[in-house]
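The sequence lines fix the lettering, A, B, ..., with proteins before strands; numbering per chain opens at 1.
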Amino acid sequence: DVKVTQSSRYLVKRTGEKVFLECVQDMDHENMFWYRQDPGLGLRLIYFSYDVKMKEKGDIPEGYSVSREKKERFSLILESASTNQTSMYLCASSSPGPFFYEQYFGPGTRLTVT
Amino acid sequence: TQLLEQSPQFLSIQEGENLTVYCNSSSVFSSLQWYRQEPGEGPVLLVTVVTGGEVKKLKRLTFQFGDARKDSSLHITAAQPGDTGLYLCAGADNDMRFGAGTRLTVKP
């Protein structure tokens, strides 16, 4: 069974802290994604990666960075957390080519920044 | 920018009723995905449609892609409490856009 796991289900951080969110997939997928989900706004793409050490900005990359040192692992970093980054963060992965858009999601990390 | 509008935003029905939710855009998509997200979980892919006019069935769920590939509908027959969740559509062309979802509650 395919699986995407995220390091934490819930996180509470203070403004200004550096925050690491980690995602691991066991499907040998080339593509990995980070989204944030806010009520009424749907899922918005922060960054994606199509290979190790490769990354592409999504729609809302400001305030975030990512790291992909191994194929199975994709990390999202909030360099200095702010209250407007309180959100649900979802990681996803997919195969290349025609299956790029068929994404498998992790359970999400609900981040609260106080 | 592709914008996907889903309607209704919220839907609460009794077990056994039928329902249809919609996903509309002014953009043409090469494919469209439907996902279901249960509370506290990530979205789970239900189906991909790629051909205009295509109809796909998944047990009691029927998905249709519009002829012009700009819109889609999801019909659920005899809804059950287990169908409760957030239904998201996502349209893909050069990139991918998600709608905000329809939150469905099926009461026993």
Side-chain angles (χ1 to χ4, degrees), chain A residues 1-11 21 23-25 27 29 31-50 56-61 74 76 87-111, chain B residues 1-11 21-25 27-51 54 56 58 63 65 69 72 74 85-105:
Chain A
D1 203 12
V2 298
K3 202 157 188 180
V4 179
T5 57
Q6 296 184 226
S7 51
S8 304
R9 297 296 295 266
Y10 299 94
L11 269 182
L21 302 181
C23 174
V24 178
Q25 51 97 2
M27 295 164 282
H29 282 166
N31 305 308
M32 296 188 75
F33 309 81
W34 275 106
Y35 293 90
R36 63 177 284 176
Q37 183 177 28
D38 301 288
L41 296 179
L43 276 70
R44 292 180 292 167
L45 182 64
I46 304 171
Y47 270 96
F48 74 96
S49 168
Y50 54 89
E56 293 285 343
K57 292 181 180 179
D59 298 318
I60 50 166
F74 193 33
L76 179 69
S87 186
M88 169 72 93
Y89 289 87
L90 291 162
C91 175
S93 70
S94 72
S95 297
F99 304 104
F100 181 90
Y101 299 113
E102 295 188 347
Q103 299 182 5
Y104 293 86
F105 284 85
T109 295
R110 187 164 292 281
L111 173 66
Chain B
T1 302
Q2 308 158 347
L3 290 176
L4 280 161
E5 293 188 2
Q6 291 191 244
S7 60
Q9 248 189 307
F10 300 94
L11 185 57
V21 299
Y22 301 92
C23 174
N24 294 297
S25 176
S27 300
V28 177
F29 298 111
S30 59
S31 70
L32 190 141
Q33 286 75 34
W34 283 94
Y35 292 82
R36 179 170 64 211
Q37 184 177 20
E38 297 184 13
E41 300 297 329
V44 175
L45 179 67
L46 296 174
V47 78
T48 295
V49 286
V50 295
T51 305
E54 182 177 4
K56 279 192 175 180
L58 187 67
F63 304 86
F65 203 13
R69 290 184 288 128
S72 181
L74 159 58
L86 180 68
Y87 288 82
L88 296 162
C89 66
D93 194 15
N94 290 322
D95 55 10
M96 187 169 176
R97 291 285 181 266
F98 281 84
T102 291
R103 190 166 296 281
L104 172 65
T105 302

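- Residues of residues 36-46 of chain A having a heavy atom under 4.5 Å from any heavy atom of chain B, listed by number: A/Gln37, A/Gly40, A/Leu41, A/Gly42, A/Leu43.
- The backbone N or O of A/Gln103 sits less than 3.5 Å from a side-chain atom of B/Tyr35, completing a donor-acceptor pair.
- Close approach to chain A, defined as a heavy atom under 4.5 Å from one of its heavy atoms, is seen in B/Glu41, B/Gly42, B/Pro43, B/Leu45, B/Thr48 of residues 41-48 of chain B, taken by number.
- With a 4.5 Å cut-off on non-hydrogen atoms, B/Gln37 touches chain A through its side chain but not through its backbone.
- Qualifying side chain to side chain contact (heavy atoms under 4.5 Å, CB included) partners for B/Thr51, counting only residues two or more places apart in sequence or in other chains: B/Glu54.
- Contact annotation for A/Arg110: neither backbone nor side-chain heavy atoms come within less than 4.5 Å of a heavy atom of chain B.
- Applying the salt bridge (Lys or Arg N to Asp or Glu O under 4.0 Å) criterion to A/Glu102, with sequence neighbours excluded, gives no partner residue.
- Once rounded to the nearest 0.5 Å, the distance linking OH of A/Tyr101 with CG of B/Asp95 reads 6.5 Å.
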